[in-house]
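Data first, discussion second: the structure below is written as structure tokens.
Just so we're on the same page: letters track the sequence lines, and every chain starts at 1.
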Number of protein chains: 4
Amino acid sequence: MGAVKARRLPRAVRERQMLDAAVRSFARHGYQAASMDEIAELAGVSKPLVYLYLNSKEELFTAVIRREAQALLAVVAEAVVDPGAPPDERLWAGLLAFFTYAAEYPDSWTVLNRQARTHGEPFAGEAARMRDEITAFVAGLIGEASREARGGVAITERDVAALAQALVGSAESLAGWANETPGVTAKEAAATLMNFAWSGLGNLMKSERWSPR
Amino acid sequence: MGAVKARRLPRAVRERQMLDAAVRSFARHGYQAASMDEIAELAGVSKPLVYLYLNSKEELFTAVIRREAQALLAVVAEAVVDPGAPPDERLWAGLLAFFTYAAEYPDSWTVLNRQARTHGEPFAGEAARMRDEITAFVAGLIGEASREARGGVAITERDVAALAQALVGSAESLAGWANETPGVTAKEAAATLMNFAWSGLGNLMKSERWSPR
Amino acid sequence: MGAVKARRLPRAVRERQMLDAAVRSFARHGYQAASMDEIAELAGVSKPLVYLYLNSKEELFTAVIRREAQALLAVVAEAVVDPGAPPDERLWAGLLAFFTYAAEYPDSWTVLNRQARTHGEPFAGEAARMRDEITAFVAGLIGEASREARGGVAITERDVAALAQALVGSAESLAGWANETPGVTAKEAAATLMNFAWSGLGNLMKSERWSPR
Amino acid sequence: MGAVKARRLPRAVRERQMLDAAVRSFARHGYQAASMDEIAELAGVSKPLVYLYLNSKEELFTAVIRREAQALLAVVAEAVVDPGAPPDERLWAGLLAFFTYAAEYPDSWTVLNRQARTHGEPFAGEAARMRDEITAFVAGLIGEASREARGGVAITERDVAALAQALVGSAESLAGWANETPGVTAKEAAATLMNFAWSGLGNLMKSERWSPR
DNA sequence: AATGAATGAGGTTTCATTCAT
DNA sequence: CATGAATGAAACCTCATTCAT
């Protein structure tokens, strides 16, 4: 009567169902507006079971953020794994992987980029950790490129950090735009960003700087 | 000496106090977690007065978003007003105004950039309207620059839109980073972004494009 | 600006406006749902003035009931004033006056018949007083008729009271029905009731009683 | 000994308790003045459970009206079930059942006759449906009697409707009077009404009509 | 392993009523 | 005389969370 009952599933399976449901719910309604009732129903289990496995709404959200962050990081890390490749190719691979992920799992991306960062501690911290990791990776690439660019001036570490922030921000913004603009592929978004960013970085390193007046 | 408690103020004054309080509260806790109780207390009035003037939590948040969006737009618009100036100088002026605003009114910026966009309709739409306006302005500058760059290849409208998204995203990201990194000035953030972005755009127009492999 | 200001009217006039507004509001929304705000606005005055003159919502409602009850009683009393006329003609005149009043002032009738009786003390008591007066008058007529009917059996006082209740209830019900059935006149309603009631009473007095089995 | 507090009852039982409590509360205070807090307490449960099962105050009141209307209708219908009996005996049985119900469940009767009809849509409509059903049944009996009365004049359908309204109004009024007058039995009230009404109807059919002047 | 039954705590909203001019 | 400004109190409703089976 009612839903088909799938009883006695192993814990790991049940937990995955719950986290999947939670991702959807948190992405659509936000942390506060998402209700444990809806999540349990989406997951096809009763509420007490959610509590038995995930303990509280806060822990559930944290678990969601952690899992999704790991997934995104894994996808990107896998793409950029070749340490011998030149930095621009590694950046390209990473961007492609990132835009593909954002397009393929929009709820996951929404949770990471919007909900987690918007709803204070401890969620923001959890999300920041992942973002920092990506930013640090990007900063590494920029530093690498700057060291390879002979004859250029040195770039301070803070400059590198700032540039990485800018690049990551571009990617985040483009991901949102790509997701809501019909017909924009991950590849196209990545290409736009490479053109925009890498040339700018290149000039920077050749010390062709822009200055006011 | 100095009224400790100023009672019977005219409506306009009270409304401003309430909106100020609401900006703080929404920025710190988010739309849902902010309580009308706290907002009323921050504003130094009773809850019913907030409802008498602003009608509901939703309308209050909407009013906040509208007021803050207007304020940000006004500041930027004022900075870029000179239509005779070259596009890079106008962009520079706009960025400087923007980073200054974000640094000076971090709660306002948080509400616009995080809370409004994260909490669904009708708030997201209200915030999107403002962001679109800024993005359109940036796109205008990019288009202008592209037309001035002789010998370059044409840039499609979608390219321009994408680049504007990227640039705006960079600015948003840098604003957040500047606000939480001690010692970073608005001018510095703006300079980083100009170097990063404008040169990239310049190369783009000279059709020095990056392409994979 | 806004409403035309009619200032400095004599108190009696203002009070009448307020009571008129209150009758409408109480009839339409009921005692609780009617708001002092709406009543003040309907009356074209500010809320504090309502309180200055009528003191509280409860007193306002009481004043309304009293005024309307007086008005209805006055109308009926005026109709049945001729003490020399036979009881059936006096009843007829009273019914006609009553149905006419209910049709002409439906809000007043609603307040008296529904709202006052439904909302507990002290309102129910106030309305009961008026209803009792009418019922007593009807009982008087019945008693009179019964004494005139020679050869009949005596009717106990309680029978008379019960019959008066029945007759008054018929009238109340018919008034509601007449008001919501298009094309039914006060005269028609009164005629139906006379036919129904007076003959029944007549038979009763001739002791042609109905009994079960 | 004997569970002082019976916890974890099945839903159906709890729902009944809640409806019972609501009948009491609505009868005593009216729809608006009755508080969900009091109803929950009367029912011996917490407020959230009331909402879980009945959804809202409005739905609760509607459910109450429906249940009580069904109960009253059922009682009356059961009494008049014999279609072979002559109309006066069927009326007598129905009246007896009705007065008995009103005496035995005064809160239910108050809710149906006063509160539901006084508090606007959708409650009034719900109550009107039941009253219309009863009125239609009475009208049927009157029509039946009129057809049986040979030699009389035809009674128009509107006359029949009006007479039914009058008879039902009598019954309502007498029920209230009986309930608040000590020592009046249901049988007595029913007898008074039969004497009053049936003879009047009889005369009507013999066309012994009362007319003014 | 899984759930129907139940609630404490807190949120938004409304309204009669008063103060100070 | 008249009112704009202001509030205490209480209502409806929701939700994360737990108990008992």
Side-chain angles (χ1 to χ4, degrees), chain A residues 5-11 14 32-40 44-60, chain B residues 5-11 13-15 32-40 44-60, chain C residues 5-11 14 32-40 44-60, chain D residues 5-11 13-15 32-40 44-60:
Chain A
K5 293 229 185 168
R7 286 173 169 281
R8 312 281 147 163
L9 291 187
R11 172 162 183 156
R14 282 275 195 243
Q32 311 259 1
S35 85
M36 295 299 271
D37 267 303
E38 191 197 280
I39 291 171
V45 299
S46 73
K47 239 188 320 177
L49 200 58
V50 179
Y51 279 88
L52 187 62
Y53 286 176
L54 277 314
N55 298 318
S56 74
K57 194 184 192 185
E58 190 173 315
E59 281 191 38
L60 170 57
Chain B
K5 205 137 190 198
R7 297 189 162 279
R8 309 280 145 170
L9 296 185
R11 173 168 182 154
V13 175
R14 281 284 191 235
E15 272 191 21
Q32 313 254 5
S35 87
M36 295 300 270
D37 265 307
E38 194 199 274
I39 291 172
V45 299
S46 70
K47 237 184 326 176
L49 200 60
V50 180
Y51 279 90
L52 189 61
Y53 288 170
L54 277 312
N55 299 319
S56 73
K57 196 183 189 183
E58 188 172 320
E59 280 192 39
L60 171 57
Chain C
K5 294 231 184 168
R7 286 173 170 281
R8 313 282 147 161
L9 292 186
R11 172 161 182 155
R14 282 275 196 243
Q32 311 258 2
S35 84
M36 296 299 272
D37 266 304
E38 191 197 279
I39 292 172
V45 300
S46 73
K47 238 187 321 177
L49 199 59
V50 179
Y51 279 88
L52 188 63
Y53 286 175
L54 278 315
N55 298 320
S56 74
K57 195 183 188 183
E58 189 173 317
E59 281 191 38
L60 170 57
Chain D
K5 205 139 192 198
R7 298 189 162 276
R8 309 278 146 174
L9 297 186
R11 174 168 179 153
V13 176
R14 281 285 192 235
E15 272 191 21
Q32 313 254 3
S35 86
M36 295 299 272
D37 265 306
E38 192 198 274
I39 292 172
V45 299
S46 71
K47 234 185 327 174
L49 200 59
V50 180
Y51 279 91
L52 188 62
Y53 287 171
L54 278 312
N55 298 321
S56 72
K57 196 183 189 183
E58 187 171 320
E59 280 192 39
L60 171 57

| request: Please confirm whether any donor atom in the side chain of K47(B) sits under 3.5 Å from an acceptor in the base of dT7(F), or the reverse. | output: no

| message | Using a distance-only criterion (donor-acceptor N/O pair, under 3.5 Å, no hydrogens), is the base of dC1(F) paired with the side chain of R11(C)? | response |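 Answer no: no donor N or O sits under 3.5 Å from an acceptor.
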
| message | Tell me whether the side-chain N/O atoms of R14(B) come closer than 4.0 Å to OP1 or OP2 in dA6(F). | response | yes

Look through every strand shown and name the nucleotide pairing with [N] as Watson-Crick or G-U wobble, where both distances are under 3.5 Å.
{"N": "dT7(F)", "value": "dA16(E)"}
{"N": "dG11(E)", "value": "dC12(F)"}
{"N": "dT21(F)", "value": "dA2(E)"}

| said: Both A33(C) and S46(D) contact DNA chain E. Taking the nearest nucleotide for each, which residue is further toward the 5' end? | reply: S46(D)

Any idea which heavy atoms bring [X] and [Y] closest together, and the distance?
{"X": "D37(D)", "Y": "K47(D)", "result": "OD1-CE, 3.2 Å"}
{"X": "E15(B)", "Y": "L54(B)", "result": "CG-CD2, 4.4 Å"}
{"X": "A40(D)", "Y": "S46(D)", "result": "CB-C, 3.9 Å"}

Between [atom2] of [N] and [atom1] of [X], the distance in whole Å:
{"X": "Q32(A)", "N": "dG11(E)", "atom1": "CD", "atom2": "C1'", "result": "11 Å"}
{"X": "L9(D)", "N": "dA20(F)", "atom1": "CG", "atom2": "P", "result": "14 Å"}
{"X": "M36(B)", "N": "dA10(F)", "atom1": "CE", "atom2": "P", "result": "21 Å"}
{"X": "I39(D)", "N": "dC12(F)", "atom1": "CD1", "atom2": "C1'", "result": "11 Å"}
{"X": "L60(C)", "N": "dT17(E)", "atom1": "CG", "atom2": "C1'", "result": "13 Å"}

| Validation row: I39(C), L60(C) side chains within 4.5 angstrom (heavy atoms) | yes

| query | Is there a donor-acceptor contact under 3.5 Å from the side chain of K57(A) to the main chain of Q32(A)? | reply |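 Yes.
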
| For Y53(B), is the NZ or CZ atom of R14(B) found under 6.0 angstrom from the centre of its six-membered ring and inside 45 degrees of the ring axis? | no

| task | Kindly point out which of dA6(E), dG4(F), dA16(F) is positioned nearest to the side chain of R8(B)? | result |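 Within the option list, the nearest is dG4(F).
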
| request: Identify, between D37(D) and P48(B), the residue whose nearest nucleotide on DNA chain F lies closer to the 5' end. | output: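 Checking each residue's closest nucleotide, the 5'-ward one belongs to P48(B).
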
| Out of curiosity, S35(C) OG to E38(C) CD, how far, rounded to the nearest 0.5 Å? |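 Separation between the atoms: 5.5 Å.
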
| task | Report which part of the nucleic acid A40(C) touches: base, sugar-phosphate, or nothing (heavy-atom distance under 4.0 Å, all strands). | result |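 Result for A40(C) = nothing.
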
| Contact residues, residues 49-59 of chain C to DNA chain E [heavy atom, < 4.0 Å] | Y51(C), S56(C), K57(C)

